[in-house]
Amino acid sequence: MADQPKIQMRDVAKAFGPKVVLDGIDLDVGVGESVVIIGGSGTGKSVTLKSILGLLTPDRGSIKVDGEEVIGMGSSDRERVNHKFGMLFQGGALFDSLPVWENVSFGLLAEKRCSRSQAHDIAIEKLAMVGMDAPVADLMPSELSGGMQKRVGLARAIASNPEVIFFDEPTTGLDPIMADVINDLIVKVTREVGATALSITHDMASARKIANRIAMLYEGKIIWQGPVEDIDNSGNEYVDQFINGKAEGPIKMAMRA
Amino acid sequence: MNPFQPIGRVFLKFLLTVGRIVTFTSLGLMHAFRPPYYPRMIVRQMIDIGYYSLPVVGLTAVFAGMVLALQSYTGFSRFSAEGAIANVVVLSITRELGPVLAGLMVAGRIGASLAAEIGTMRVTEQIDALTTLSTNPMKYLVAPRLIAGITMFPLLVLVADTIGVFGGYLVAVHKLGFNASNYLQNTWNFLTAEDVNSGLVKAAVFGFIVALMGCYHGYNSKGGAQGVGRATTNAVVSASILILCSDYILTEMFFTK
């Protein structure tokens, strides 16, 4: 099937105790598409990503990757599906006991796809793709600034040439210029490795830059989705309030967690 | 309202925790025996747990042996049984004090560092990152530490036994005026293989407990720095109590026929 979506979510729901985080999500991500999920803090963006990655198990619903149901999958099948994925974590999540190059080629080494010296070379090549020089490869992650850690995280996410890359708030905690550098890199590397991208963010500048399509998550549901060009004329007052960053509007911030 | 409600809740929570620990233990052991293995990680943990604990264990043992000789001298001289000091020292050290004191000291050192390290990896999403890089964190993080704990503790206790007996010898010969060759002769003649072996079996069990508690509490920590702190405390306290508790059970198994 040519038009089979890369990722298909149907009626996915998840609650932690009495707190309903996802309340029936339907979302399709087409092959080669870049979808950005926007929404305020605590609206279930991270839970959505973690459900697709298998880090959390939804209470109900179906998630299909290339038409294959991943919920309830055995661990060896899960590992096989996860081979298709790369993920850039919010804080970078670099392994601080390993040097940068070993972080980047960790997935390759774990699957024993290459020797350690080959892995070192591949790491340097991937680091070059995110604009970092070879000497960085032998540093430890703690010696890098936040922006550089994000870049190394990006290099790690693309190291095994994934079919889908997930970005968890890629620009959070960076200055505006570094944020834009990261956005450009995301656009560039996803195009170079030909990957499908699914990102979550609340940074509208970032969303506009990296998205083909935007979906807005509010109170555990997708309340609007459409091409990025339509975001300013969505006709949805929730979306308008969010993208213009107004305190006044239908979205009421929970002042107590 | 109902006074039995809180009691029931605590009891249910206790059962839940026991269940979780049992599941965690069986998963960890299963991964310790099933390939792929991570020899690099196992060796690193062996050095951390074994080699770097030597100073702590050595100092504990030498003072334990010295105090033991001194105390039993003051006690035994009341009914002129000073000759039994060599026997008391070697028996107490190999059967009890070596494994238990070394176990408790290393529980503080290793249990805390395992819980803090794995806990930090949990809250900075490094454990999630492992999963997305097709690496099972139970296999990569937990199994090598369990293996290192079980194998290194007996070696540490062997060292502690030797140093402890030497501590007793120092005090007996240089302070209490015993004849050196007589003292050593007494020590050697009285010692049986079972005394040492039972101590080494205890050590393996204690090593398992310390590694398990460190990993379990670290792995399940949540909520940032405070959560990691709590995990560290819980790891040390629970490991220490379980060591003393299992020490009684093992002693009863070995020496009551």
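Proteins come first, then strands; the chains are lettered A, B, ... in the order of their sequence lines, and each starts at number 1.
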Could you state the interatomic distance from [atom1] ([X]) to [atom2] ([Y]), rounded to the nearest 0.5 Å?
X	Y	atom1	atom2	value
B:Thr132	A:Leu53	OG1	CG	6.5 Å
B:Thr131	A:Lys50	OG1	NZ	10.5 Å
A:Ser46	B:Asp128	OG	CG	10.5 Å
A:Glu79	B:Ser134	CD	OG	6.0 Å

Residue, of A:Pro162, A:Ser97, A:Ala93, that accumulates the most heavy atom pairs under 4.5 Å with chain B:
A:Ala93
If you count heavy atoms of other groups shown closer than 6.0 angstrom to [atom1] of [X], is the number above 12?
X	atom1	value
A:Lys84	NZ	yes
B:Phe4	CZ	no
B:Lys222	NZ	no
B:Phe24	CZ	yes
A:Glu192	CD	yes

Do B:Gln126 and A:Phe89 come within less than 4.5 Å of each other through their side chains, counting heavy atoms only?
no
Is [X] in contact with chain B via its backbone, its side chain, both, or neither, using a 4.5 Å heavy-atom distance?
X	result
A:Leu94	backbone
A:Ser160	neither
A:Leu98	side chain
A:Asp96	both

When you look at B:Arg40 and A:Arg116, which way does the side-chain contact (heavy atoms from CB on, under 4.5 Å) test go after all the steps?
CA-CA 12 Å; B:Arg40 193 176 287 271; A:Arg116 287 181 70 81; 3.1 Å; yes
Carefully, step by step, assess A:Phe106 and B:Tyr140 under the rule ring-ring contact (aromatic ring centres under 6.0 Å, His included).
CA-CA 12 Å; A:Phe106 190 92; B:Tyr140 183 77; 5.3 Å; yes
For A:Ala110 against B:Leu133, the heavy-atom pair lying closest together
CB-O, 4.1 Å
Of the backbone (N, CA, C, O) and the side chain (C-beta and beyond), which part of B:Ile127 lies under 4.5 Å from a heavy atom of chain A, both, or neither?
neither
